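Just so you know, these numbers come straight off a predicted model, no measurement behind them.
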Amino acid sequence: MSRRWRWIWLACAALIAAGVLWAGLREPLALRLMERGLRANMQANLLDELPDGLHLVLCGAGSPLPDVERGGPCAAVVAGRRLFVVDAGAGAARTMARLRLPPGEIEAILLTHFHSDHLDGLGELLLQRWIGSASQTPTPVHGPEGVEQVVAGFALAYAQDSTYRTAHHGPGIAPPSGAGATAQPFATPPPGQGHVVIGAAAGPGALRVTAFRVDHAPVAPAVGYRFDYAGRSLLLSGDTARSANLLRFAKGVDLLVHDALSPWLVDRMTEAAEAAQRPRLAKITRDIRDYHASPVQVAELAREAGAKRLLFHHIVPPLPLAPLQGLFLRGVRQRYPGPVSIGRDGTAVSLPARGKKNELRQLF
């Protein structure tokens with residue numbers, strides 16, 4: 001046998017031996033990796049890694065339309081080490097787990113309005129917050145008039161489940177008094193006025209969360225929220241058309257987080273629905289254009305407000321191909337000179353306390 005063929009046979013034998021070795025070791029190796037990952041994940045807490053300041057993490061950047069990169073609307077806001085959640089769309093609790101944001105440390109949930117995509121993940125999030133902290137008291141859920149009905153509905157839907165949890169795990173893990181939520185309603189402020197939901201007077205290190213009216217007609221009530229903490233500020237629009245009242249409250253914010261709908265991309269959806277002879281879907285895609293701001297309108301508002309950074313969320317339509325992002329942003333950079341980003345699940349912006357810089361990163 002020639003030397004060449006000897007090397008070929010040796011290489012084949014080595015490959016066969018490696019295959020046999022891998023077949024025997026892959027399950028133990030997988031188990032070892034799983035154990036290591038579990039230990040790391042159970043010890044991880046994003047709140048421990050954040051510096052003092054105001055932080056925004058998108059735990060849902062999408063809309064009711066299916067989007068592989070964006071779940072139902074949900075934003076986590078961290079002020080110092082206090083964790084709040086604005087809206088709770090589908091998948092919110094699971095995305096927070098991937099982001100290493102512990103639901104058990106949620107201080108309160110704030111709802112902007114009562115469209116189903118903004119609250120259909122609320123039940124799961126309330127459950128994870130309760131079990132995650134063995135809370136003795138229900139989760140406060142703030143929102144405009146009508147939040148009582150939402151909270152009561154989830155309480156009814158989860159009434160049997162909560163008793164099962166306590167019976168199975170015991171009151172030390174699932175205290176009966178901590179299940180569910182308590183509604184914290186407030187009257188929708190008139191234009192030009194805000195309602196302080198959390199906090200009182202501003203001051204060094206103080207947190208103030210202010211609700212204000214937005215225009216999502218015919219959906220009413222509908223509000224946005226502004227967070228002010230340690231000299232930094234961010235505003236979440238909720239769902240809204242271009243709103244003069246939102247502009248008033250967005251003045252000077254470090255971060256403007258605004259929903260946006262691209263009319264001409266949505267027009268393509270309408271055309272496709274009509275071509276497929278789906279008239280009901282075509283009507284829906286035409287209807288949604290009038291109660292969301294376009295990216296260009298948001299950019300103009302951000303410029304007029306003097307916002308330091310603009311982050312789009314509640315993205316309509318989905319953008320499955322990267323080049324579509326440029327089409328979504330068409331005309332934006334001509335109207336707003338600051339940094340602009342299209343959010344997806346895991347997008348985070350940090351505003352260090354009493355500073356001027358901001359940092360955007362993607363957590364997964």
Side-chain angles (χ1 to χ4, degrees), residues 34-61 71-111 118-142 154 158 161-162 165-166 168-182 184 198 207 209 225 227 229 234 236 343-353 359 361-364:
M34 175 185 174
E35 291 170 343
R36 183 178 299 177
L38 286 171
R39 286 194 295 270
N41 289 338
M42 289 186 181
Q43 294 170 355
N45 186 332
L46 184 62
L47 302 182
D48 295 331
E49 303 172 14
L50 297 174
D52 187 28
L54 199 54
H55 309 271
L56 179 287
V57 184
L58 293 180
C59 37
C74 174
V77 179
V78 181
R81 209 182 184 283
R82 301 171 68 182
L83 174 61
F84 302 88
V85 172
V86 179
D87 288 333
R94 301 177 196 199
T95 303
M96 287 186 68
R98 292 181 64 197
L99 293 166
R100 298 174 293 120
L101 283 167
E105 296 199 36
I106 295 172
E107 184 170 326
I109 298 171
L110 300 89
L111 298 180
H118 289 253
L119 52 82
D120 50 13
L122 181 60
E124 184 179 17
L125 191 56
L126 293 174
L127 172 64
Q128 294 300 325
R129 193 261 190 183
W130 172 40
I131 300 298
S133 63
S135 179
Q136 298 285 340
T137 57
T139 307
V141 177
H142 299 267
F154 276 97
Y158 278 75
D161 177 86
S162 62
R165 305 289 174 181
T166 303
H168 188 195
H169 302 297
I173 300 296
S177 61
T182 48
Q184 304 287 327
I198 295 167
L207 169 66
V209 183
Y225 293 100
F227 287 73
Y229 171 76
L234 65 85
L236 292 117
R344 57 186 177 91
D345 294 2
T347 299
V349 179
S350 289
L351 307 169
E359 176 193 3
R361 56 181 171 144
Q362 192 65 39
L363 297 179
F364 62 69

Would Leu56 and Phe227 satisfy side-chain contact (heavy atoms from CB on, under 4.5 Å), going step by step from the backbone distance to the final call? CA-CA 10 Å; Leu56 179 287; Phe227 287 73; over 6 Å; no
Once you round to the nearest 0.5 Å, how far does [atom1] of [X] lie from [atom2] of [Y]?
| X | Y | atom1 | atom2 | value |
| --- | --- | --- | --- | --- |
| Leu111 | Gln184 | CG | CD | 12.0 Å |
| Thr95 | Asp345 | OG1 | CG | 5.0 Å |
| His55 | Tyr229 | NE2 | OH | 8.5 Å |
| Cys74 | Leu101 | SG | CG | 9.0 Å |
| Leu119 | Ile109 | CG | CD1 | 11.0 Å |
| Glu359 | Leu351 | CD | CG | 10.0 Å |

Please walk me through it: do Val57 and Val78 pass side-chain contact (heavy atoms from CB on, under 4.5 Å)?
-> CA-CA 8 Å; Val57 184; Val78 181; 5.6 Å; no
Any donor-acceptor pair under 3.5 Å linking the side chain of Trp130 with the backbone of Pro176? no
Between Thr166 and Ala174 (side chain of the first, backbone of the second, donor and acceptor by atom type, cut-off under 3.5 Å), is there such a pair?
yes
Q.
In the structure I gave you, are the side-chain heavy atoms of Arg100 and Glu49 within less than 4.5 Å of one another anywhere?
A. yes
Is there a side-chain contact between Leu110 and Val77 (heavy atoms, below 4.5 Å)? no
The complete set of salt bridge (Lys or Arg N to Asp or Glu O under 4.0 Å) pairs with one or both residues in residues 119-139, sequence neighbours excluded, reads Arg94-Glu124
Salt bridge (Lys or Arg N to Asp or Glu O under 4.0 Å) pairs touching residues 171-181, sequence neighbours excluded, are none
Which atom of [X] lies closest to which atom of [Y], heavy atoms considered:
| X | Y | result |
| --- | --- | --- |
| Leu54 | Ala79 | CD1-CB, 3.9 Å |
| Ala134 | Pro175 | O-CG, 3.4 Å |
| Gly346 | Gln362 | C-NE2, 3.2 Å |
| Ala75 | Cys59 | N-SG, 3.7 Å |
| Ser177 | Pro138 | O-CD, 3.3 Å |
| His142 | Tyr225 | O-OH, 4.0 Å |

Using side-chain contact (heavy atoms from CB on, under 4.5 Å) as the criterion, list what pairs up with [X], not counting sequence neighbours.
| X | value |
| --- | --- |
| Arg82 | Phe84, Glu107, Ile198, Leu207 |
| Ala353 | Asp52, Ala230 |
| Ile173 | Ile131, His169 |

**Request:** Go through the steps to decide whether Leu127 and Arg165 satisfy the test side-chain contact (heavy atoms from CB on, under 4.5 Å), and finish with yes or no.
**Result:** CA-CA 10 Å; Leu127 172 64; Arg165 305 289 174 181; 3.9 Å; yes
(request) Kindly indicate, with the supporting measurements, whether the criterion side-chain contact (heavy atoms from CB on, under 4.5 Å) is fulfilled by Leu125 and Ile106. (result) CA-CA 10 Å; Leu125 191 56; Ile106 295 172; 3.8 Å; yes
inquiry  = Just checking Arg81: does its CZ atom have more than 12 heavy atoms from other residues, nucleotides or ligands closer to it than 6.0 angstrom?
reply    = yes
Hits for side-chain hydrogen bond (donor to acceptor under 3.5 Å, both in side chains) against Ser133, two or more places apart or cross-chain, chain-then-number order -> none
Between Val141 and the options Leu126, Thr182, Val85, the side chain to side chain contact (heavy atoms under 4.5 Å, CB included) test singles out Leu126
